[in-house]
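The structure appears below as structure tokens.
This chain uses plain numbering: 1 for the first residue, then up along the sequence. Whatever order the structure lists ligands and atoms in, that order sets their numbers, starting from 1. The figures that follow rest on heavy atoms only: side chains count, while hydrogens, waters and symmetry mates do not.
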Amino acid sequence: MRLLIMGPPGAGKGTQATAVADHFSIPAISTGDIFRANVSGGTPLGVEAKKYMDAGEYVPDEVTNNMVRSRIAEPDAESGFLLDGYPRTLAQVTELDGMIEETGHKLDAVLVLTVDQEAVVGRLLKRAEIEGRADDTEDVIRRRLEVYAAETEPLISVYAERGLVVSVDGMGEIDDVQKRIFAALDDVPQS
Ligand code: AMP
């Protein structure tokens, strides 16, 4: 099973990604988590990524693409994966198409979590208090939402044209959203 999960920052992608990945016994690969691990570890990739992350901007495509390419080439991703937070730009879509094609597989579905914009800002501010993420100040949150709307939201139509989008209401309790997701994904044929 090869899946993507999409939705604006604060839509609850990370939480749901883990549950879905467990269900299908595939790794949940979050580019944000990989970047954060590199930032904490002080690696050259982390030093580079931090500049962009702290400003709410996207890390350059080339850096991000190379990171995903090597991650999905790892043995645990051979039978499938769920990508959380990638692709985020059209250039990344093209790159991912190539990566998957090279392995002779295809993308099975793109799970889109739909949420109310104002509720999302509220969620992010709350998370900022709890986790103390440097990219969760109000200004940076607004910027991240702007970048999402300009660069990433248009990708949903690209995948919709391919008939891959499975749209799920992301508002409400985590368990309820999870049930909706599983019900929606039940209809997706697994490759
Ligand atoms: P996330 O945890 O998915 O919200 O990601 C946190 C930050 O990591 C983003 O605001 C970006 O700065 C960076 N990032 C994560 N994924 C990508 C991506 N696919 N392309 C570019 N930047 C990314």
Side-chain angles (χ1 to χ4, degrees), residues 2-21 27-74 77 81-100 107 110-115 117 119-156 158-159 170 174 177:
R2 285 164 186 79
L3 301 170
L4 309 182
I5 186 163
M6 291 184 65
K13 295 188 297 291
T15 310
Q16 298 300 341
T18 309
V20 172
I29 300 174
S30 154
T31 43
D33 281 353
I34 302 176
F35 282 133
R36 278 185 289 278
N38 278 276
V39 171
S40 309
T43 68
L45 174 65
V47 172
E48 170 75 2
K50 190 177 185 329
K51 296 185 280 192
Y52 300 95
M53 294 169 80
D54 285 355
E57 305 293 337
Y58 286 169
V59 177
D61 285 334
E62 211 190 314
V63 175
T64 310
N65 288 335
N66 288 337
M67 186 178 85
V68 172
R69 181 178 287 279
S70 56
R71 177 62 188 89
I72 66 174
E74 284 177 30
F81 48 76
L82 184 158
L83 288 173
D84 164 13
Y86 182 92
R88 266 170 147 112
T89 64
L90 263 178
Q92 292 179 12
V93 170
T94 308
E95 195 72 16
L96 177 64
D97 285 344
M99 290 181 215
I100 296 179
L107 205 55
V110 177
L111 181 62
V112 175
L113 289 183
T114 59
V115 288
Q117 185 87 357
V120 156
V121 177
R123 270 190 199 183
L124 287 169
L125 289 172
K126 207 166 135 195
R127 187 172 76 185
E129 273 174 38
I130 299 166
E131 295 179 11
R133 274 173 56 162
D135 59 350
D136 269 349
T137 62
E138 184 151 8
D139 281 355
V140 176
I141 287 169
R142 300 266 173 214
R143 180 64 192 146
R144 286 166 65 211
L145 289 168
E146 264 172 31
V147 175
Y148 174 82
E151 304 263 349
T152 306
E153 208 173 12
L155 307 188
I156 297 173
V158 172
Y159 286 120
I174 290 176
V177 176

Under 4.0 Å to a heavy atom of T64 - the qualifying atoms of ligand 1, by number: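 Checking each atom against T64, I get 18 (C), 19 (N), 20 (N), 21 (C).
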Check each atom of ligand 1 against the heavy atoms of G85 and keep those under 4.0 Å away; list them by number with element.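 Numbered from 1, ligand 1 contributes 16 (N), 17 (C), 18 (C), 19 (N).
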Identify the heavy atoms of [X] and [Y] that sit nearest to each other, and give their distance.
{"X": "L4", "Y": "Y86", "value": "CD2-O, 3.9 Å"}
{"X": "A49", "Y": "F35", "value": "CB-CD2, 3.5 Å"}
{"X": "R144", "Y": "G56", "value": "CG-CA, 3.5 Å"}

E57 near ligand 1 by a heavy-atom separation under 4.0 Å: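 Yes; E57 lies near enough to ligand 1 that a heavy-atom distance drops under 4.0 Å.
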Side-chain donor-acceptor pair present, T152, Y58, cut-off under 3.5 Å: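 The answer is yes; a qualifying pair exists.
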Test your reading of the structure: does T31 have an N or O sitting under 3.5 Å from an N or O of ligand 1?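 Yes, since at least one N or O of T31 sits under 3.5 Å from an N or O of ligand 1.
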Which one of V59, I34, V63 has a non-hydrogen atom at the shortest distance from atom 21 (C) of ligand 1?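 Answer by nearest heavy atom: V59.
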R144, M53, Q92, K51: member with heavy atom nearest to atom 20 (N) of ligand 1: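 Shortest heavy-atom distance from atom 20 (N) of ligand 1: Q92.
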So, the side chain of Q16 versus the backbone of I174: is there a donor-acceptor pair under 3.5 Å, distance only?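 Confirmed, Q16 side chain pairs with I174 backbone.
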Backbone N or O of G7 within a donor-acceptor pair of the K13 side chain at under 3.5 Å?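 Present.
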Is ligand 1 under 4.0 Å from a heavy atom in the side chain of Y58, in the backbone, in both, or in neither?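 Near ligand 1, Y58 shows its backbone as well as its side chain.
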